[in-house]
**Student:** 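I have a structure here, written as C-alpha cells, and I will follow up with some questions on it.
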Amino acid sequence: MPHSPWEEKRVKVGEAIIEILKREGVEMVIGYPVNHLLEHAAEADVRPIIVRQERTGIHMADAISRLSSGEKIGVFVMQLGPGTENSYGGIAQAYGESVPVLVMPGGYPRRLAHIEPNYNASISMRDVTKSAEPINVPADIPNILRRAFSRLRNGVKAPVLVEIPNDIWNEEVPGPLNYRPVVTTRSGPDPKAVVAAVDLLLEARKPVLYAGQGIHYAKAWPQLRALAERLAIPVCTSLEGKSAFPEDHPLALGAGGAAVPLAVRQFLDQSDVIFGIGCSFTETSFGVAMPRGKRVIHGTLAADHINKDIEAEVALVGDAALILEAMLAELERRGTSPRSWTYVADEIARVRAAWLKEWMPKLTSNEAPLSPYRVLWDLQKTVDVANTIITHDAGSPRDQLSPFWVSKEPLTYIGWGKTTQLGYGLGLAMGAKLAHPEKLCINVWGDAAIGFTGMDFETAVRERIPILSVLLNNFSMAMELPIMEAATKKYRATDISGNYAQFAAALGGYGERITRPEDIVPAIRRGIEQTQRGVPVLLEFITCKELAASRYHSFT
C-alpha cells in the first residue's frame, strides 16, 4: 500500500497548516488578504471566503463554531499590522460570548515582532483569547496547532490565536507530518455535590432552572428537558442559551436579556431556589438580572465562575450534560416519582397570556410608520420557525425580538449580549447559512447597525450566501433620544439616513422597502422566495421611533 506523501516529503509552512486544518475537519477559511493561508487553502480544496471587513469575517467563523456546538471550528485569517488591529473587536466579541474560534493572523518578521510600534497580536490579544502563540520554528507547527485545537475543543470555550510571522512562509516543515485530530474530553461533577444539589431541588417549593450556552456546547437539550419534566421545574434561558429548551413547552418561561418576558422576571423573583446550568451568571446590563437572597445551585464548566457574581450554595463543576445526567441518575437511585406539571404550567400560561395581552397592541399595530413589533410578529408567523436560524443585532432589535420569538429547536437562535458591538448579526447570519445551507437564516438589525458592517452584504452576494436580512429603519438612533435631547434638538445628532433597499440592490442582492402593514407578510414571502433562488435579501421596513421594551425591574 503506497505511503501518503505527507509521511515523507518536506512541505512549506502554509501547506502544513492547511493539511492540519483539514485533518481537524475545517472545510472553509474566512479571511481578508494578504494572508497566504487563503491561497494554500484554495490549492488544497478548502474554500476561501473573502470578506470586506475583518470583524464580519470573525463573526461568520463565530457562527460556524456555535452552530456545531464547537465540533466544527470556525477559522479566520488576516494580514499583519492593520488587518490584525482591525480584528480586535470581533475577537473580543467572541471572547465575551465564549465562542471557540481559531484566529491566524500574519505577523511582522520575527526580527521586528517585538519592536515598537509594530502590532504584536500574540501579546496584544492575550486579554481576549484563551491563548495566543506565534509560530517561530516551522518544526513546531504540529505541536502549536495541537495545543490550539486542544484548547478550542476542551474546557471553557474561547478564541485561540496562532500568529504566523511574515518571514516564515517559505521555510520547510520537516516530514513526516505527525498530526492527528486532538482528543476531546469531558469532566463531570463531584458526586457529593450532586447529592447536595438534588437535596436542595427536592426541598424547594418554587425552583427555577436557568440554562445558558453550556447546554448548547454539551448538546444537553434532552437532559435539560428530562430534569425539568421530572421535577416540574419552569425553565428560562440566557440570551446565549435561547433555544436550549423549547419555548412552546408548557414549562418554558422564555429567554432573558435586557428585555425579558414577564414570566421570566416573575418566576425568578418568586423562586426560592435557582439552578443555573451551563451558565456563568455574569452580571451584565444585557442579561437577566438575578434576584438576590435566593439559594443557588451553580452548574458550570468553569470553576472560576463559581461565586464570581452570584453566591452559590452548591457548585457543580463540569460538562452540562454530565451534570444533568448525574442528577437524573441520583433521582432514579432514590426512586423519586415524576411530579405533575399541571399547576406550574397553568401559572406560566396565565402569566404569559396577561403579558401578551399587554403587548398585543404593538405586536398587531396597523399604524404607519410601522411598529417594529408588528414586523417581527408577522415575521414569526410567516416563516417555518423550526427550520429557521435567527439572530438579532445590538440595541432595539435585540430587545424587540428576543422576548417574543418562540424558539422550538436547539441552535435555531443565536443570542448574544455580554458585549454589544453594532453590526454583529450580519456576520452571524452568513456564518449560519454556511453551516446550515438548508435553513432560512435571518439577521434583524437597525439603521445604526448597518452603518457598521453593511458593506459585507456584498460578501453575501459575491460568496453566494443567501440570507434574509430584516432591517428596521426609523432614521434615528432611537435608544439615544432620551439621553441626547439637546444634541438632537439643536444639532439633529441622532438622525441617520439612507435608502438601504436600493443599497442592497446596488450590491447585487434583492432589496425592498416596506411602509404599509398590509405589505409586511407578502414582502417576507417574496424575500424567502429570493433566498431559495440563491439571492441574498434585504427587506427594509420603515418603522416608528419605538422606545418601549419588555423590561421589568426585579421585585426582590
Side-chain angles (χ1 to χ4, degrees), residues 243 247-248 254 261 352 355-393 396-409 412-414 425-426 429 432-433 436 438-447 449-450 457 460 466-475 499-505 509-546 548-550:
S243 80
E247 293 181 325
D248 56 351
R352 179 174 174 80
W355 170 67
L356 283 176
K357 183 178 180 181
E358 174 190 349
W359 283 91
M360 202 54 67
K362 291 186 181 294
L363 295 168
T364 59
S365 171
N366 284 317
E367 295 181 1
L370 303 170
S371 163
Y373 288 102
R374 167 68 187 271
V375 173
L376 299 175
W377 188 251
D378 282 1
L379 178 69
Q380 183 169 192
K381 301 299 181 185
T382 306
V383 305
D384 178 1
V385 172
N387 290 303
T388 296
I389 299 172
I390 192 166
T391 189
H392 54 75
D393 220 283
S396 297
R398 172 192 58 224
D399 296 346
Q400 292 158 358
L401 176 69
S402 60
F404 298 98
W405 189 272
V406 178
S407 296
K408 299 179 181 180
E409 295 292 331
T412 55
Y413 193 106
I414 308 177
L426 176 65
K433 191 65 177 177
H436 290 285
E438 77 285 2
K439 292 187 182 292
L440 174 65
C441 297
I442 304 173
N443 72 297
V444 178
W445 53 349
D447 47 339
I450 196 172
F457 187 81
I467 61 167
L468 177 62
S469 192
V470 173
L471 180 73
L472 306 174
N473 185 2
N474 57 15
F475 303 102
N499 188 316
Y500 303 108
Q502 290 182 2
F503 168 77
Y510 177 86
E512 185 173 343
R513 175 176 273 196
I514 302 96
T515 60
R516 302 189 306 169
E518 60 267 30
D519 295 332
I520 295 172
V521 171
I524 293 168
R525 288 176 176 157
R526 287 190 292 272
I528 293 171
E529 289 174 2
Q530 289 293 326
T531 66
Q532 291 168 344
R533 295 172 186 166
V535 179
V537 172
L538 190 147
L539 300 179
E540 179 187 15
F541 295 93
I542 306 305
T543 64
C544 64
K545 296 177 176 65
E546 180 63 77
S550 182

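No hydrogens, no waters, no symmetry mates; every other heavy atom, side chains included, goes into these values.
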**Student:** Just wondering, do S550 and D399 contact through their side chains at under 4.5 Å, heavy atoms?
**Tutor:**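 No; the side chains remain at least 4.5 Å from each other.
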**Student:** How about S402 and Y413: do any of their side-chain heavy atoms sit closer than 4.5 Å?
**Tutor:** yes
**Student:** With no hydrogens and no angle check, is any side-chain donor or acceptor of R513 less than 3.5 Å from a backbone partner on A501?
**Tutor:**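 No.
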**Student:** How long is the straight-line distance from CD of Q400 back to NZ of K362, given to the nearest 0.5 Å?
**Tutor:**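 These two atoms lie 9.5 Å from each other.
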**Student:** Any idea which heavy atoms bring P261 and G254 closest together, and the distance?
**Tutor:** CG-CA, 4.2 Å
**Student:** Locate the shortest heavy-atom distance separating E518 from P522; write the atom from each residue and the value.
**Tutor:** O-CD, 3.4 Å
**Student:** Is there a donor-acceptor pair under 3.5 Å between the side chain of Q380 and the backbone N or O of F404?
**Tutor:**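 Yes; judged by distance alone, with no hydrogens or angles, the pair exists.
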**Student:** At their closest point, which heavy atom of D447 faces which heavy atom of L471, and how far apart are they?
**Tutor:** N-CD1, 3.9 Å
**Student:** Check whether any side-chain heavy atom of V537 lies under 4.5 Å from a side-chain heavy atom of E512, and answer yes or no.
**Tutor:**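 No, too far: nothing below the 4.5 Å cut-off.
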**Student:** Given the rule in the side chain to side chain contact (heavy atoms under 4.5 Å, CB included) test, do L440 and D384 qualify, once you have shown the distances and angles that lead to the verdict?
**Tutor:** CA-CA 8 Å; L440 174 65; D384 178 1; over 6 Å; no
**Student:** Would you say E409's side chain and A386's backbone share a donor-acceptor pair under 3.5 angstrom?
**Tutor:**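 Not confirmed, E409 side chain does not pair with A386 backbone.
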**Student:** At what distance, to the nearest 0.5 angstrom, does CD1 of I542 lie from CG of N473?
**Tutor:** 4.5 Å
**Student:** Using a 3.5 Å distance criterion without hydrogens, assess whether the side chain of K433 forms a donor-acceptor pair with backbone atoms of K439.
**Tutor:**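 Yes.
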**Student:** Taking side chain as C-beta onward, heavy atoms only, is P403 less than 4.5 Å from W355?
**Tutor:**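 With C-beta onward as the side chain, the pair touches.
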**Student:** If you take all heavy atoms of F457 and A504, which pair is closest and at what distance?
**Tutor:** CE2-CB, 3.7 Å
**Student:** With the side chain counted from C-beta on, respond yes when N499 and E540 share a heavy-atom pair under 4.5 Å apart, and no when they do not.
**Tutor:**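 Yes, their side chains come closer than 4.5 Å.
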**Student:** Please check if the number of heavy atoms outside E367 that lie under 6.0 Å from its CD is greater than 12.
**Tutor:**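 No - once you tally the heavy atoms of other residues, nucleotides and ligands closer than 6.0 Å, there are 12 at most.
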**Student:** With heavy-atom distances below 4.5 Å as the criterion, would you say the side chains of W405 and T412 are in contact?
**Tutor:** no
**Student:** Kindly compute the distance separating CG (N387) from NZ (K408), expressed to the nearest 0.5 Å.
**Tutor:**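 With rounding to 0.5 Å, CG (N387) is 10.5 Å from NZ (K408).
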**Student:** Could you check whether any side-chain heavy atom of L376 comes within less than 4.5 Å of a side-chain heavy atom of F541, counting everything from C-beta outward?
**Tutor:** no
**Student:** Supply the atom-to-atom distance L472 CG to H392 NE2, rounded to the nearest 0.5 angstrom.
**Tutor:**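 It comes to 13.0 Å.
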**Student:** Which atom pair, heavy atoms only, marks the closest approach of P517 to D378?
**Tutor:** O-OD2, 4.5 Å
**Student:** Pick out which of L538, N443, D393, I450 makes a side chain to side chain contact (heavy atoms under 4.5 Å, CB included) with L426.
**Tutor:**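 Between L426 and the candidates, side chain to side chain contact (heavy atoms under 4.5 Å, CB included) is satisfied uniquely by N443.
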**Student:** Please determine whether side chain to side chain contact (heavy atoms under 4.5 Å, CB included) holds for the pair I524 and I528, giving the CA-CA distance in whole Å, both sets of side-chain angles, and the decisive distance to 0.1 Å.
**Tutor:** CA-CA 6 Å; I524 293 168; I528 293 171; 3.9 Å; yes
**Student:** Is any side-chain heavy atom of I390 less than 4.5 Å from a side-chain heavy atom of V470?
**Tutor:** no
**Student:** Could you measure the distance from the CH2 atom of W359 to the OG atom of S365? Nearest 0.5 Å is fine.
**Tutor:** 12.5 Å
**Student:** Nearest 0.5 Å, what's the CD-CG distance between Q530 and L539?
**Tutor:**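 CG of L539 is found 10.0 Å from CD of Q530.
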**Student:** What closest approach, in Å, do A432 and C441 show between heavy atoms, and which atom pair accounts for it?
**Tutor:**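 Answer, listing the atom of A432 first, then C441: C-SG, 3.7 Å.
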**Student:** Which is it for I442 and L379 under the side chain to side chain contact (heavy atoms under 4.5 Å, CB included) test, yes or no, and what are the steps along the way?
**Tutor:** CA-CA 10 Å; I442 304 173; L379 178 69; 4.2 Å; yes
**Student:** W445 and S469: side-chain donor and acceptor closer than 3.5 Å?
**Tutor:**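 There is such a pair (donor and acceptor under 3.5 Å, judged by atom type) between the side chains of W445 and S469.
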